[in-house]
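In what follows, a structure is listed as structure tokens, so that the remarks can point back to it.
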Amino acid sequence: MAIPPYKTPARTSYDIVIVGGAAVGSSIAYWLSQALGTSASILVVERDSSYEFSSTALSTSAIRQQYSNPINVKISQFGIEIIRGFAERMAPYFKGEPAPDLGFREHGYLYCCSPEGVEAARARVDLQRSLGAHTLFLEPGPLKDRFPWLNVEDLGGGAWGSRDEGWFDSMGLLNGFRRAARGSGVEYVDNAVTGLDAVGGKVVAARLATGQTISCGTLVDAAGPRAQQVAAMAGLSIPVAPYKRYSFVFSSATPIPGRMPNVIDLSGTFVRPEGELFLTGNTPLDDGPADYDDFEMHHEEFEERIWPALWHRIPAFDALKVQTSWTGHYEYNMLDHNGIVGFHPEVTNFMFANGFSGHGLQQSPAVGRAVSELIVHGAFQTLDLSPFGYERIPRNEPFLEEAVI
């Protein structure tokens, strides 16, 4: 994997060092810069400033409120608020240039539901609606009426997000946060953290690939799929590893009429429109920890598993042609598929912002704000993300979320 030439930071000591500058790291940098201004020195160390292999760039860039846990619903609601107002929020940092329009496509998610899963699906919809979401449960008849191209014969119904769900420009979000953070005094450096020095229950310095040792007051692990690498440098461990996900963009000889949502099939395969084309993916059979630099594509996943599932659910998908494909990494939390957010109880200035298991992009606005609050105020000020705390990891107490794709 090609890495751009590394550079040297401007200083030898920083109040806050953030390891990883993709969506989560740059959101943290942005919110810290808004809270602290220039009163604190902040460094973001990003090993690949092209972001070519970052999970942000390789994600499917979607956001939903269809979760089973209230905290995850609220996190996404804040994400929608940020997406809708992003251009206005970023305008001061673009000084006459057009601020990023994230191109939000508000088509919703459609979760297909088996007959035996109807009761649980209705309960999730009721929860989401009680929190202000616009999810609807549609029985097979109304589901077919709204989406006539859908095969509903083996379904008990479907949960559809009629508002505030869809997909958007992931790199627009990242680049906006990054530019705003830099415009507020945050320093970004192309480099890699290769070691951490800890003394008396605190990380006191980060060692860089270029040989420098950078003193720090707080160390934030926002390294995405490489989160465990960074934690291990401080003698810590979290159950986070890279899991490969294959994405395919295809054309269909038969168009799908109307406003097609992001369809989540019973098989776990998803599909949504992407202009005149379609984007699809699934949970692969070989699902498990991958090497950090393993981005090898498995094309047979489409032919052998995805296409049959698509054709069953959407019979119009009988003649498809893959146009492009790529492999990305989930930063997968093997305990419970939810984020780990907060300080370590013993290495007290080591902050986790890891393990979002495919939800990091959509959760990055709220997570960035929450991490900033913990650093600046010592406690959450807005959304209480304490159930995401590290303490559940050694206790082996999963924070359960039913609606994981």
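- Panel note: side chain Lys244, backbone Phe295; no donor-acceptor pair is recorded below 3.5 Å.
- Remark: Arg122 pairs with Glu139 by the salt bridge (charged side-chain N to carboxylate O under 4.0 Å, His left out) rule, at least two apart or across chains.
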Quiz: residues 17-29 side-chain donor-acceptor pairs under 3.5 angstrom, not counting sequence neighbours:
residue	atom	partner	partner atom	Å
Ser26	OG	Gly21	O	2.7
Ser26	OG	Ala22	O	3.3
Ser26	OG	Tyr188	OH	2.7
Ser27	OG	Trp31	NE1	3.4
Ser27	OG	Ser364	O	2.7

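- Taking the six-membered ring for Trp, Phe317 and Phe278 have ring centres closer than 6.0 Å.
- Within 6.0 Å of CH2 in Trp149 there are more than 12 heavy atoms belonging to other residues, nucleotides or ligands.
- Distance check: Leu374 CG to Met351 CE gives 4.5 Å after rounding to the nearest 0.5 Å.
- Heavy atoms from other residues, nucleotides or ligands lying under 6.0 Å from CD of Glu119 number 12 at most.
- Proximity of a side-chain donor or acceptor of Gln77 to a complementary backbone N or O of Leu131 within less than 3.5 Å is detected.
- Checked against the 6.0 Å centroid threshold, Tyr246 and His298 count as a close aromatic pair.
- Here the CG atom belonging to Leu277 is positioned 11.0 Å from the CG atom belonging to Leu320, to the nearest 0.5 angstrom.
- Counting only heavy atoms from C-beta outward, the side chains of Leu400 and Asn69 never approach each other to under 4.5 Å.
- In terms of the salt bridge (charged side-chain N to carboxylate O under 4.0 Å, His left out) criterion, residue partners of Glu106 (sequence neighbours excluded) are, by chain and number, Arg84.
- The main-chain N or O of Arg207 is found under 3.5 Å from a side-chain atom of Thr194 such that the two form a donor-acceptor pair.
- Although no hydrogens or angles enter the test, the distance criterion places no donor-acceptor pair under 3.5 Å between the side chain of Glu187 and the main chain of Gly185.
- Looking at Asn354, Ile340, Asn338 one by one, the single match for side-chain contact (heavy atoms from CB on, under 4.5 Å) with Phe388 turns out to be Asn338.
- The local environment of NZ in Lys144 is crowded, with over 12 non-hydrogen atoms from other residues, nucleotides or ligands closer than 6.0 Å.
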### Message
Could you walk me through whether Phe78 and Thr382 satisfy the side chain to side chain contact (heavy atoms under 4.5 Å, CB included) test, starting with their C-alpha distance in whole Å, then the side-chain angles of each, then the deciding distance to 0.1 Å, before giving a yes or no?
### Response
CA-CA 10 Å; Phe78 181 68; Thr382 50; over 6 Å; no
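- For the pair Asn349 (side chain) and Gly217 (backbone), a donor-acceptor distance under 3.5 Å is present.
- Proximity of a side-chain donor or acceptor of Glu331 to a complementary backbone N or O of Arg226 within less than 3.5 Å is not detected.
- With a 4.5 Å cut-off on side-chain heavy atoms, Tyr30 and Met90 count as touching.
- Between His329 and Tyr243, the ring centre distance reaches or exceeds 6.0 Å.
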### Leu143/Leu110 under side chain to side chain contact (heavy atoms under 4.5 Å, CB included): CA gap, chis, key distance, verdict
CA-CA 10 Å; Leu143 187 60; Leu110 173 61; 3.7 Å; yes
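- Residues Tyr14 and Val45 are not in side-chain contact: their nearest non-hydrogen atoms beyond the backbone lie 4.5 Å or more apart.
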### Message
Working note: Tyr332 + His337, criterion side chain to side chain contact (heavy atoms under 4.5 Å, CB included); need CA distance, chi angles, decisive distance, verdict.
### Response
CA-CA 6 Å; Tyr332 204 74; His337 318 132; 3.0 Å; yes
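- Considering all non-hydrogen atoms of both residues, Asn191 and Ala209 come closest at OD1-N, 3.2 Å.
- A donor-acceptor contact shorter than 3.5 Å links the side chain of Asp336 to the backbone of Phe399.
- In this structure, the side chains of Val152 and Phe147 stay at 4.5 Å or more apart for every pair of heavy atoms.
- A distance of 7.0 Å separates OG of Ser54 from CD of Glu46, quoted to the nearest 0.5 Å.
- No donor-acceptor distance shorter than 3.5 angstrom exists from the side chain of Asp291 to the backbone of Asp293, with no hydrogens or angles considered.
- Geometrically, Arg179 does not engage Tyr93 in a cation-pi contact, judged by NZ or CZ lying under 6.0 Å from the ring centre and within 45° of the ring axis.
- Considering every non-hydrogen atom in both Gln381 and Ala379, the closest pair reads NE2-O, 3.1 Å.
- Side chain of His107 to backbone of Arg259: no donor-acceptor contact under 3.5 angstrom is found.
- Taking 4.5 Å as the limit, every side-chain heavy atom of Ile16 sits out of range of all side-chain heavy atoms of Val186.
- Once rounded to the nearest 0.5 Å, the distance linking CG of Asp190 with OG1 of Thr8 reads 10.5 Å.
- The two residues Leu102 and Gly172 come nearest to each other via the heavy atoms CD2-C, 3.5 Å.
- With hydrogens and angles left out, the side-chain atoms of His312 and Asp154 include a donor and acceptor closer than 3.5 Å.
- Residues Glu301 and Thr283 come closest through the heavy atom pair OE2-O, 4.4 Å.
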### Message
Show, in sequence, the C-alpha distance, side-chain angles and deciding distance for Phe380 and Leu385, and conclude whether the side chain to side chain contact (heavy atoms under 4.5 Å, CB included) test is met.
### Response
CA-CA 7 Å; Phe380 296 114; Leu385 302 193; 3.7 Å; yes
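- Not less than 6.0 angstrom separates the ring centroid of Trp307 from the ring centroid of Phe250.
- For the atom pair CG (Leu196) and OG1 (Thr213), the distance works out to 10.5 Å, reported to the nearest 0.5 Å.
- In terms of the side chain to side chain contact (heavy atoms under 4.5 Å, CB included) criterion, residue partners of Arg272 (sequence neighbours excluded) are, by chain and number, Thr60, Ala62, Trp167, Asn262, Glu274, Leu279.
- With hydrogens and angles disregarded, no donor-acceptor distance shorter than 3.5 Å links the side chain of Arg11 to the backbone of Pro9.
- Heavy-atom minimum distance, Ala205 versus Cys216: N-SG, 4.1 Å.
- Glu401 and Asn72 are linked by a side-chain donor-acceptor pair at a separation below 3.5 angstrom, with hydrogens and angles left out of the test.
- For the pair Leu58/Arg245, no side-chain contact is recorded, criterion being any heavy-atom separation below 4.5 Å from C-beta on.
- Screening residues 248-258 for side-chain hydrogen bond (donor to acceptor under 3.5 Å, both in side chains) gives Ser251-Gln323 as the qualifying pairs, with residues at least two apart or on separate chains.
- Atom SG of residue Cys113 and atom CZ of residue Phe137 lie 4.5 Å apart, to the nearest 0.5 angstrom.
- Residues Val376 and Leu36 are in side-chain contact: their nearest non-hydrogen atoms beyond the backbone lie under 4.5 Å apart.
- Using bins of under 30°, 30° to 60° and over 60° for the plane-to-plane angle, the ring pair Tyr111/Tyr109 lands in the parallel bin.
- For the side chain to side chain donor-acceptor pair (under 3.5 Å) with Thr135, the qualifying choice from Arg163, Arg124, Gln66, Gln128 is Gln128, the only one to do so.
- Ser59 meets the side chain to side chain contact (heavy atoms under 4.5 Å, CB included) test with Ser61, Ser170, Leu361; sequence neighbours excluded.
- Under the 4.5 Å side-chain criterion, counting only non-hydrogen atoms from C-beta, Tyr292 is in contact with Gln228.
- Across all their heavy atoms, Ala223 and Val230 have their closest contact at CB-CG2, 3.7 Å.
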